[in-house]
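These notes are about the structure you will find just below.
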Amino acid sequence: MSKKIQAIRGMRDILPEQTSLWQQVEAVARELLNGYGYREIRMPIVEKTELFCRSIGEVTDIVEKEMYLFDDRNGDSLALRPEGTAGCVRAAIEQGLLHNQVQRLWYVGPMFRHERPQKGRYRQFHQIGVESFGLAGPDIDAELIMLTARLWKKLGLADRMELQLNSLGTSEERIVYREQLVNWLEARKEQLDEDSLRRLGSNPLRILDSKNPEMQSLIEEAPLLSDFLGEESSSSFRKLTEMLDAVGIPYRLNPRLVRGLDYYCNTVFEWVTTELGAQGTVCAGGRYDGLVEQLGGKPTSAIGFALGLERLISLLENGENELGQTQMDGYLICVGDKAQEKGIILAEKLRDALPDLKILLHCGGGSFKSQFKKADKSGAQFAMILAEEEVENSQIGLKPLREKGEQKSVSFSELVEFFKNKSL
């Protein structure tokens, strides 16, 4: 026997029992985003490595340690996308979407990072990303946060999420703060862990995002970026919080929230939960006003967020929610050759008449008893029984499977009306 080939470590199969919930979450998000005027864009999962080095930053963990890189046959260095924003910006510039235009875009798909696999973190993971271009805010900042808050309501998760907010200010303000922070940390170098020592000379703000428990007391004492913000940055952030207050969205100001990518500025936010252990951030984003120009476009205001579908799905699976398996309306049992021939035709006619009707047609034969067991296991509302006697009488038997009720016979001509009356 040949050796079994298994999935790559950190990459997993999403089975049919799970995909129904994924589809429903994606459908809710799609409807909500369309309602806010966002349009879907689809980008390649492979991009030039240079795109991520220039956008994310060459000294970030993603570029230094986590990207999947390879040279193609032409010798070009390519990467599986580790996040979606850079590719979306590249596409918007290349396709001329930003010429004196406001764009509200969204996308969904897999991302790839070579991280240590653990619960809630995979090497292939899926995100819904939302990006807005050409709007300076803070009203668009507020809209994106309100949009996510409405998504949690629609999914029944509003009371299980906490919104955390911060402002990173402008690049000039961060340069001044960075110098002060480095000086402060240098004086306490013996208290830094290995990761922090590595980041001290390259990306010191990321030290504030350390999850090492032994680092937390030091981080709490570090200088605050908010003390280095100018009036314009402070005023914009204050207007954002006033808008959120006006619509009743609670939040917590987190002065240590910095985000892990170099391109962020001004508003940053995260939606976090305490129910997923260490991987508690479900949705995160912020402003990246300099990225379009950095990648070859004209200066353009921009803000976006990414939502981790694996973590969101885990959260839904951990609690009570109305989303779940797609429920079949009927399971069509066909006993005998004549019934099988008639069943296929009948099922298609029902689907023509009632496009929303969900019917599972039994295929492959088998006894009535075995088919009925499969009908019950399918979760269908009704077993639709078709044997030679029913075929001869142009009738079908209907047996309720999820509630009490007697089996009844209905003529073929009455079947459409029956399901209509059942509001299926």
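Because only heavy atoms are used, hydrogens play no part in the values below, and waters and symmetry mates are left out as well, while side chains stay in.
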Min side-chain heavy-atom separation R311-T281 under 4.5 Å: yes
Would E143 and R150 count as a salt bridge (charged side-chain N to carboxylate O under 4.0 Å, His left out) if you check the C-alpha gap in whole Å, the side-chain angles of each, and the deciding distance to 0.1 Å? CA-CA 10 Å; E143 180 185 84; R150 190 170 298 278; over 6 Å; no
All N/O donor-acceptor pairs, side-chain side in residues 344-353, below 3.5 Å, sequence neighbours left out:
unit_1: E348; atom_1: OE2; unit_2: R351; atom_2: NH1; d: 2.7
unit_1: R351; atom_1: NH2; unit_2: I359; atom_2: O; d: 2.8

Between D376 and K373 (salt bridge meaning N to carboxylate O under 4.0 Å), is one present in this structure? no
For Y331 and H362, take the angle between the two ring planes, folded into 0 to 90°, and tell me which bin it lands in: parallel under 30, tilted 30 to 60, perpendicular over 60. tilted
Do NZ/NE/NH1/NH2 and the carboxylate oxygens of E270 and R252 come within less than 4.0 Å? no
For A380, is there any backbone N or O sitting under 3.5 Å from a side-chain donor or acceptor partner on R402? yes
Check: V108 and L309 side chains under 4.5 Å, non-hydrogen atoms: yes
Are the charged groups of D159 and K153 less than 4.0 angstrom apart, N to O? no
I'd like to know if the side chain of Y288 pairs up with that of Q294 as donor and acceptor (distance under 3.5 Å, no hydrogens or angles considered). no
For A375, does its backbone N or O pair with a side-chain atom of S378 as donor and acceptor, under 3.5 Å? yes
With side chains defined as the heavy atoms from C-beta onward, is the minimum distance between N318 and R160 less than 4.5 Å? yes
Within the structure provided, determine whether H126 and Q124 are in side-chain contact (heavy-atom separation under 4.5 Å). yes
Among side-chain atoms of S20 and Q24, is any donor-acceptor pair under 3.5 angstrom? yes
Please step through side-chain contact (heavy atoms from CB on, under 4.5 Å) for the pair T148 and L307, ending with a clear verdict. CA-CA 9 Å; T148 50; L307 185 160; 5.7 Å; no
Residues R287 and D141 bridged, charged N to O under 4.0 Å: yes
Student check: side-chain heavy atoms of M215 and L192 closer than 4.5 Å: yes
Check ring-ring contact (aromatic ring centres under 6.0 Å, His included) between F70 and all other residues, then give those that pass, not counting sequence neighbours. none
Kindly indicate, with the supporting measurements, whether the criterion salt bridge (charged side-chain N to carboxylate O under 4.0 Å, His left out) is fulfilled by E242 and K239. CA-CA 5 Å; E242 289 171 356; K239 289 177 182 176; over 6 Å; no
State plainly whether the residues E26 and R30 are in salt-bridge range, i.e. N to O under 4.0 Å. no
